[in-house]
Amino acid sequence: MQRFPCPFCGLRDETEFHYGGEAGNDRPEPAAEVSDQGWAEYLHIETNPKGRSREIWVHMTCGEFFLLERDTVTHEVFASESLRRAAP
Amino acid sequence: MRDFAQKWTAFPEWSEAELLRDGWRARVVPGLSQTLVSGALDKAWAQLGPEGAEVGLWQIASPETPYRVRIARDRALLVSPEAMAFDPGWHADGWAATVADNSYAVLELEGSETRNVVSEATTADLDAGSPSAATLFAGLQSVLLYRTAEARVRLHVESGYLPYLWRWLETRPE
Ligand SMILES: [Zn+2]
């Protein structure tokens, strides 16, 4: 069992979280001008680093999206940071 | 013709339903006023009235008066034993209030064994607590879990899942 820190709720079991993808893999825009190759890279090609990684996760019970920095080998968690923007 | 009514979990008359077990019992709490508040919570509380403490996971609320169950950074459930007067819908200063009286069913578990029952249903660290009362409970994604006394627990579960959660409690091996 592994526990992740939700930036709002604190430490919770991994079963309460859902993986959202690698951080920085931004959706290409504008969509009409993106090549097949560009879509394929966005959708299917993962960096999948061994070791330190930056990932997007969501805490399912509270709905918070956040950036998680962790080590994919040791499972050590370095940081978790909310991706929410302050209200204007 | 197949009787599709048979495939749904049978459930008791909720107003009379009770589970009596060694060291704990369960019942449904009827008639609570529940209001889902979303958005700028500080602005919402200024409008809805300052009364009522906020509870997170496993924290203890005073059930005789209104209280707020925190769900997320921008969401809470305002619970009251009496009907509450408020303007439902969107408010221009950034928050919304939604009538949720029937959205959540409320279960109360009580007795010295309550904590053991709860510990089987959730992986959350009850002693560590959490600002949010929402947790994965008996496989249900977002159940609100807090207490109203040292050994008395309240669970708010989406109404449609109440028969499942009741059966989970009913068939739990002693
Ligand atoms: Zn959370």
Side-chain angles (χ1 to χ4, degrees), chain A residues 1-27 29 43 46 48-49 51-88, chain B residues 36-44 46 54-59 68-77 90-96 98 104 118-146 155-158 161 165:
Chain A
M1 182 217 278
Q2 185 175 16
R3 291 196 296 168
F4 290 151
C6 167
F8 181 71
C9 302
L11 279 178
R12 296 290 187 95
D13 187 75
E14 62 178 316
T15 51
E16 292 194 351
F17 297 86
H18 186 74
Y19 177 66
E22 290 179 341
N25 182 27
D26 296 333
R27 180 188 160 114
E29 301 280 3
L43 291 171
E46 300 268 316
N48 200 19
R52 205 158 173 136
S53 70
R54 287 161 57 83
E55 300 164 335
I56 309 298
W57 286 78
V58 59
H59 187 205
M60 305 291 280
T61 63
C62 82
E64 181 105 344
F65 279 83
F66 61 98
L67 186 120
L68 182 72
E69 285 192 61
R70 67 183 188 107
D71 192 302
T72 56
V73 179
T74 65
H75 289 180
E76 184 182 356
V77 171
F78 304 108
S80 96
E81 186 191 321
S82 178
L83 289 173
R84 299 169 64 99
R85 266 173 271 172
Chain B
L36 197 57
V37 182
S38 310
L41 294 183
D42 50 339
K43 301 225 170 71
E54 181 174 296
V55 287
L57 187 77
W58 202 240
Q59 289 165 359
R68 312 160 188 169
V69 185
R70 194 70 181 261
I71 300 172
R73 197 183 290 277
D74 60 0
R75 182 161 279 189
L77 189 69
W90 176 251
H91 295 253
D93 51 342
W95 59 279
T98 311
Y104 294 99
V118 169
S119 297
E120 285 176 15
T122 177
T123 54
D125 185 340
L126 301 177
D127 292 322
S130 171
S132 165
T135 187
L136 192 69
F137 193 94
L140 297 175
Q141 186 147 294
S142 203
V143 172
L144 310 183
L145 165 63
Y146 60 94
L155 299 165
H156 293 242
V157 57
E158 284 180 46
Y161 290 118
L165 188 54

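The analysis underlying the following values was restricted to heavy atoms, covering all of them including side chains, and did not include hydrogens, waters or symmetry mates. Letters A, B, ... mirror the listed sequences (proteins, then strands); counts begin at 1.
Across all non-hydrogen atoms, the minimal contact from B:A72 to A:F8 is C-CE2, 3.6 Å. Of all heavy-atom pairs between B:A134 and A:R12, the closest is O-NH1, 2.8 Å.
Counting non-hydrogen atoms of other residues, nucleotides and ligands closer than 6.0 Å to CZ of A:F65 gives a total of 12 or fewer. Under a cut-off of 6.0 angstrom, the local environment of OH in B:Y161 is sparse, with at most 12 non-hydrogen atoms contributed by other residues, nucleotides or ligands.
A salt bridge links B:D74 with A:R84: at least one charged nitrogen is closer than 4.0 Å to a carboxylate oxygen.
Side-chain contact between A:M60 and B:S142 is absent, with no heavy atoms from C-beta onward closer than 4.5 Å. Between B:L136 and A:T15 there is a side-chain heavy-atom pair separated by less than 4.5 Å. Proximity of B:R73 to A:P7: side-chain heavy atoms (C-beta onward) are separated by under 4.5 Å at one or more points.
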Kindly determine whether A:R3 and B:D125 satisfy side chain to side chain contact (heavy atoms under 4.5 Å, CB included), including the steps that lead there. CA-CA 10 Å; A:R3 291 196 296 168; B:D125 185 340; 3.9 Å; yes

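Atom OG1 of residue B:T123 and atom CD of residue A:E16 lie 5.0 Å apart, to the nearest 0.5 angstrom. Within the model, atoms NE2 of A:H59 and OG of B:S132 stand 7.0 Å from one another, a figure rounded to the nearest 0.5 Å.
For a residue to count as touching a neighbouring chain, one of its non-hydrogen atoms must lie under 4.5 Å from one of that chain's; by this rule B:R75 does not touch chain A.
Looking at A:T61 and B:Q141, their side chains never bring a donor and an acceptor atom within 3.5 Å of each other.
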